[in-house]
Amino acid sequence: MSFVKITEKAIIFDIQRSSLYDGPGIRTTVFLKGCPLNCLWCHNPEATDGNRQLSFHIEKCTFCGKCEDVCVNRVHQLTDGIHAIDFSQCLLCGKCVNACPSSALKIVGKWMTVDEVMQEVLADYDFYLNSGGGITISGGEPLWNLPFTLELLKRCKLVGVNTCVETSGFVSSLRFIEMLPYIDVLLFDYKMTGSAEYLKYTGVSNEVILNNLEIAHSQEVSIILRCPVIPGINDTDQHFEGILAIDRKFPNLKGIELLPYHRMGNSKRLGIGIEETLVSLETVPVELSIKWIERLNELGCSKVKLGVG
Amino acid sequence: MQKIDNFSMELNFTETYRKNINEHIAIREARCHKAQFPAVLSEIQENDRLAGRTFWGWVGFSPHNAPGGAAFGYFCHELKIIEAIERGNIPVEQRDAVHEMLHFWKKETSKAKVESAFTDKMIPVLFRDEIVSLPYNFKPLIANPIYRMAGVFLDYEKLLRLGIPGLIEEITEKMNVVKASGGDYQLFEGMLIALDVFIDSCKYYEKQAIEKAKAASNPQRVKELLQLAEVLKKNTISKPESFYEALQLSWLYTLMCGSLELGRVDVYLGDFYVHDIDNYVITEEEALSLMHSYWKLINDLFRDVDGRVIIGGRGRRNEANADRFALLVLNTIKTYGKAILPQTTLRFYEGMNPLLFEKSLDLIGEGHTFPLLYNDDVLIPSVAQAHDVPIEDAEQYMPLGCGEIVLDHMGFGTPSGSLNVLKALDVTLRDGIDPITGKRLGLPTGHLRDFKTFDEFFAAFKKQLAFFIEILADHEELEYVESGKQAPYLYLSMLYDDCIARGKGIFSGGIRYLGGSLESFGSVNAADSLTAIKKMVFDDKLISADQLIEALNNNFNGYEKEYKLLKESPKYGNDDAYADNIMVELHDFMCNTMRDQRERTNLDWYLNVLINNKQNTILGRWVGATPDGRKAGREMANGNTPAGGNDKNGITALLNSLVKPSPDIHAGAVQNLRFGKDVFACERDKLNALLNTYFKKGGAQAMITVINRGDLEKALVEPEKYQDMFVRIGGFSARYIDLPRDVQMEILSRVTY
Ligand code: SF4
Ligand code: SF4
């Protein structure tokens with residue numbers, strides 16, 4: 001086996017080409033696995049854990065039992081039309097994935113080098129040039145694997161690919177400032193207003209996050225604020241006023257996008273063996289999100305628009 | 001009471017043909033036109049602003065336009081006549097004659113003449129009779145002949161510049177010269193008779209318009225009809241001077257000559273239109289109202305896969321005026337309401353008035369399937385190369401019907417055959433034997449297990465393809481030769497370069513370029529199948545040759561593991577070199593082999609077209625399960641577009657793949673793209689950038705449909721609510737709810753962006 005520097009590799013959850021909604025122009029979004037936050041409403045729970053994972057799509061399963069036959073760790077157990085999976089015993093050998101005739105099993109996450117990622121990114125170079133697009137590094141939390149992200153950013157800048165990073169902002173300021181020169185656009189999450197609230201719903205405190213927002217703003221990076229709005233949790237005037245305060249405090253924000261709650265995260269949770277969250281909450285209908293926008297406008301926040309998260 | 005099946009026109013036509021059977025072919029044809037027109041011209045209808053409707057007879061002469069399928073010179077629609085005989089409502093005095101007529105044409109139609117000239121090599125491959133009666137056969141064939149003279153693009157500029165009297169003058173002069181030198185002057189005599197027939201037809205409609213005016217009660221309608229009568233009269237005595245006269249003349253001529261294409265309307269009507277608008281001869285509303293009538297006639301009388309109205313592009317001598325007319329065309333699409341026809345085609349190039357492109361995208365964004373987009377910057381050099389013609393001639397390229405490229409009034413190239421590429425692969429896997437019938441359909445090149453390397457197998461497949469391509473190329477040539485012997489196609493020869501100058505009919509040496517094209521279907525599935533075979537059987541050795549054949553024979557039932565491996569093999573359309581390279585190799589081989597047929601035949605070109613006209617679905621029904629993971633009987637992928645659902649890597653990856661097969665060795669490839677409405681509405685800049693990049697990278701063409709996947713799904717459940725939902729199926733536009741279920745499913749399976 002050849003020696004590979006750790007900075008050059010990361011577990012990539014997915015690479016999505018032609019993405020139109022993650023920053024300016026036509027982009028390629030690279031999703032890194034691993035996130036230090038644990039937001040209750042996360043719609044990408046498969047990217048939260050920093051390791052590769054087995055995932056199961058029950059709607060495709062035909063209960064044929066092939067996976068049970070091949071798994072020596074007895075992860076799969078089929079009894080009476082129930083397919084029970086003991087995720088904790090899975091060693092990610094991939095045998096059941098290959099054996100499954102209906103593609104119901106998958107291993108999410110793939111080790112990739114910066115080179116490999118770059119190759120995929122550069123395939124759409126002409127599209128970036130004509131549209132003002134480029135790469136968007138997302139996750140998970142892309143700043144969690146800082147060496148890899150930094151290396152990827154540098155490589156992009158070197159060949160003139162516009163860079164965009166989607167982040168919760170939860171990273172040491174010292175490290176954060178190190179990568180700002182390589183970032184053209186920051187998609188910066190603003191999830192909750194108030195420190196205690198932040199901790200309660202995301203598992204981390206927001207001080208360093210707000211600090212980093214301030215640093216980025218003072219460094220004149222283009223920032224688009226992204227605000228997930230979850231009915232019953234942060235669709236409150238208190239939070240909306242918080243958004244407004246941010247808007248006032250940081251006049252150079254390029255935009256503010258609302259990301260209304262979508263419940264598709266839950267089936268993904270089940271697929272990797274974790275508990276559903278916000279079980280009774282439905283996907284936000286468009287009418288409601290428009291009301292939120294109107295409310296924010298009323299309060300005096302005019303930059304806000306609907307985003308696609 | 002049942003309608004009487006009156007065959008007096010057909011009997012008269014047959015009698016005329018028979019009486020003139022030994023006459024010069026031009027005279028015979030001209031007299032046949034006289035028997036046909038105005039007899040097959042049908043009435044001016046309520047709201048028609050233009051005269052010219054046909055109900056072709058079941059026997060007649062036409063290069064292309066005819067009821068119930070395509071015509072091919074002298075035609076006889078046997079099935080319809082037999083149906084009438086069986087209904088028993090033919091007038092007693094006609095009965096014997098109808099039977100006799102049916103019998104007579106068996107040997108005399110242009111198609112029968114071609115068939116009787118089949119070579120020994122053709123007969124076993126082209127299974128003549130089964131295809132003849134059914135326009136698109138229902139048999140598992142690999143090589144299918146097609147009978148029609150499609151893609152007539154007349155010299156409308158000449159027609160309108162000279163008018164009928166001017167044409168008569170030119171032809172008379174030429175005739176006198178030829179006669180004096182003892183040449184074949186009768187061709188011109190025939191043309192003059194045909195023009196007389198045209199004049200008679202104008203007069204017939206003029207009279208009808210006046211009569212209808214007398215009977216009309218609405219004063220506005222009376223005025224319209226009298227105006228129409230006036231226009232028709234002018235057409236008989238002078239060249240057109242107004243937009244109205246020009247439109248009427250070009251329409252009636254198109255109809256009577258049996259063409260189904262309208263060509264560069266912006267060039268030939270632009271000056272008339274601009275003159276009339278700028279001099280207050282006509283108002284915008286009036287012009288639009290005439291255009292609506294024109295659109296209606298095209299929709300009523302042409303078939304869904306034809307009717308090309310072409311606007312924009314290089315090589316327009318009156319660009320500014322033409323652009324103004326092109327905008328009128330776009331406005332007509334917008335205001336007429338969604339329609340299947342005409343297949344409005346926008347040719348564009350860098351530096352052209354950007355308004356045309358923008359407005360076209362607006363229309364597409366509103367859910368119209370037109371215009372179709374053709375990139376001159378790629379296509380002109382490609383056509384020059386593929387068709388081997390000078391750039392000035394390539395500038396006059398015209399996509400006909402489903403997209404086969406020919407040259408405006410100088411180069412003909414009817415597609416006279418279809419090649420089921422996937423079926424050819426089906427038999428190559430099995431030593432040339434058709435698994436359905438157990439009979440030999442291809443060459444005995446060995447079974448899959450006999451091949452030691454993938455390259456050997458690919459070579460065998462190429463050998464099979466080359467065999468069929470040669471036969472079909474010979475067949476194309478034969479069609480022209482026999483057609484040329486049968487008739488000079490007078491209405492075409494008068495308006496095609498250089499027939500008058502050479503004194504020859506279009507298919508007997510008159511036309512400047514005589515080419516042809518071969519419609520190939522299933523290339524993408526075949527390429528993906530090759531990829532899967534290479535990867536699974538030869539490279540990774542995860543499936544043995546026998547296992548694969550067994551899996552295919554059983555339509556993958558009981559072979560779920562193999563199915564999954566095959567499905568997950570790399571597929572064209574994802575910017576994946578492994579799959580795309582095989583597609584390119586297959587594409588190059590087919591295109592070049594066809595292109596080389598010019599050396600074997602007298603055709604000026606013979607080129608591949610990767611189009612689609614429901615044939616991907618229809619021919620697919622007869623192809624068993626294939627190694628790309630396509631199940632038995634399922635549709636094949638569209639034109640040059642990835643098989644439904646196989647492009648998983650995003651639109652940019654798809655576009656990158658699409659530009660890989662080279663455009664300068666064939667005569668047209670369909671590229672279907674579908675976008676959700678939201679992309680047009682909210683992300684227009686990004687969409688523009690996407691298309692721009694694609695075209696700059698060498699994208700030749702795009703057929704864009706805007707639809708929400710949800711729309712399609714709902715339409716399956718409640719079709720009545722989705723009457724106005726039109727979709728593009730590669731070569732044409734169709735009402736989604738009218739399509740067969742499997743075609744609907746195929747469209748649904750394509751990814752929407
Ligand atoms: S990946 Fe391996 S260990 Fe995990 S469930 Fe599948 S077979 Fe068992
Ligand atoms: S092999 Fe696949 S389909 Fe069969 S039981 Fe396991 S997960 Fe379900």
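Naming convention: chains lettered A, B, ... in sequence-line order (proteins, then strands); numbering from 1 in each chain. Only this structure's heavy atoms are used, side chains among them; waters, hydrogens and symmetry mates stay out.
The environment of A:Lys157 atom NZ is dense: over 12 non-hydrogen atoms of other residues, nucleotides or ligands sit within 6.0 angstrom. Around the CD atom of A:Gln119, the shell of radius 6.0 Å holds no more than 12 heavy atoms that belong to other residues, nucleotides or ligands. Around atom CD of B:Glu350, no more than 12 heavy atoms belonging to other residues, nucleotides or ligands sit under 6.0 Å away. The number of heavy-atom neighbours closer than 6.0 Å to NZ of A:Lys95, taken from other residues, nucleotides and ligands shown, is 12 or below.
For chain B, no part of A:Gln16 is nearby; none of its heavy atoms comes within less than 4.5 Å. The contact between B:Lys697 and chain A is made entirely by side chain atoms (from C-beta outward), counting heavy-atom distances below 4.5 Å.
A side-chain contact (heavy atoms from CB on, under 4.5 Å) with A:Phe127 is found for one member of B:Ile651, B:Asn692, B:Leu690 and no other, namely B:Leu690.
Of the possible donor and acceptor atoms, one in the side chain of B:Asn656 sits under 3.5 Å from a partner among the backbone N and O of A:Ala123. Using modelled atom types, no side-chain atom of A:Ser131 and backbone atom of B:Lys686 make a donor-acceptor pair closer than 3.5 Å.
When all heavy atoms are compared, the tightest approach of A:Asn130 to B:Lys696 is OD1-NZ, 4.4 Å.
For the atom pair CG (B:Leu654) and CZ (A:Arg17), the distance works out to 10.0 Å, reported to the nearest 0.5 Å. A:Asp126 CG to B:Leu655 CG: the interatomic distance, rounded to the nearest 0.5 Å, is 11.5 Å. A:Glu120 CD to B:Asn649 CG: the interatomic distance, rounded to the nearest 0.5 Å, is 5.5 Å.
Contact count versus chain B (heavy atoms, under 4.5 Å) is highest, among A:Ala99, A:Ser103, A:Gly25, for A:Gly25. In terms of heavy-atom pairs under 4.5 Å with chain B, the best-connected choice from A:Cys64, A:Cys100, A:Ser19 is A:Cys100. Taking chain B as the reference chain and counting heavy-atom pairs below 4.5 Å, the highest number among A:Asp124, A:Thr28, A:Ile15, A:Leu129 is found for A:Asp124.
Contact annotation for residues 548-575 of chain B against chain A (heavy-atom separation below 4.5 Å, listed by residue number): B:Glu560, B:Lys564, B:Glu568, B:Asn574, B:Asp575.
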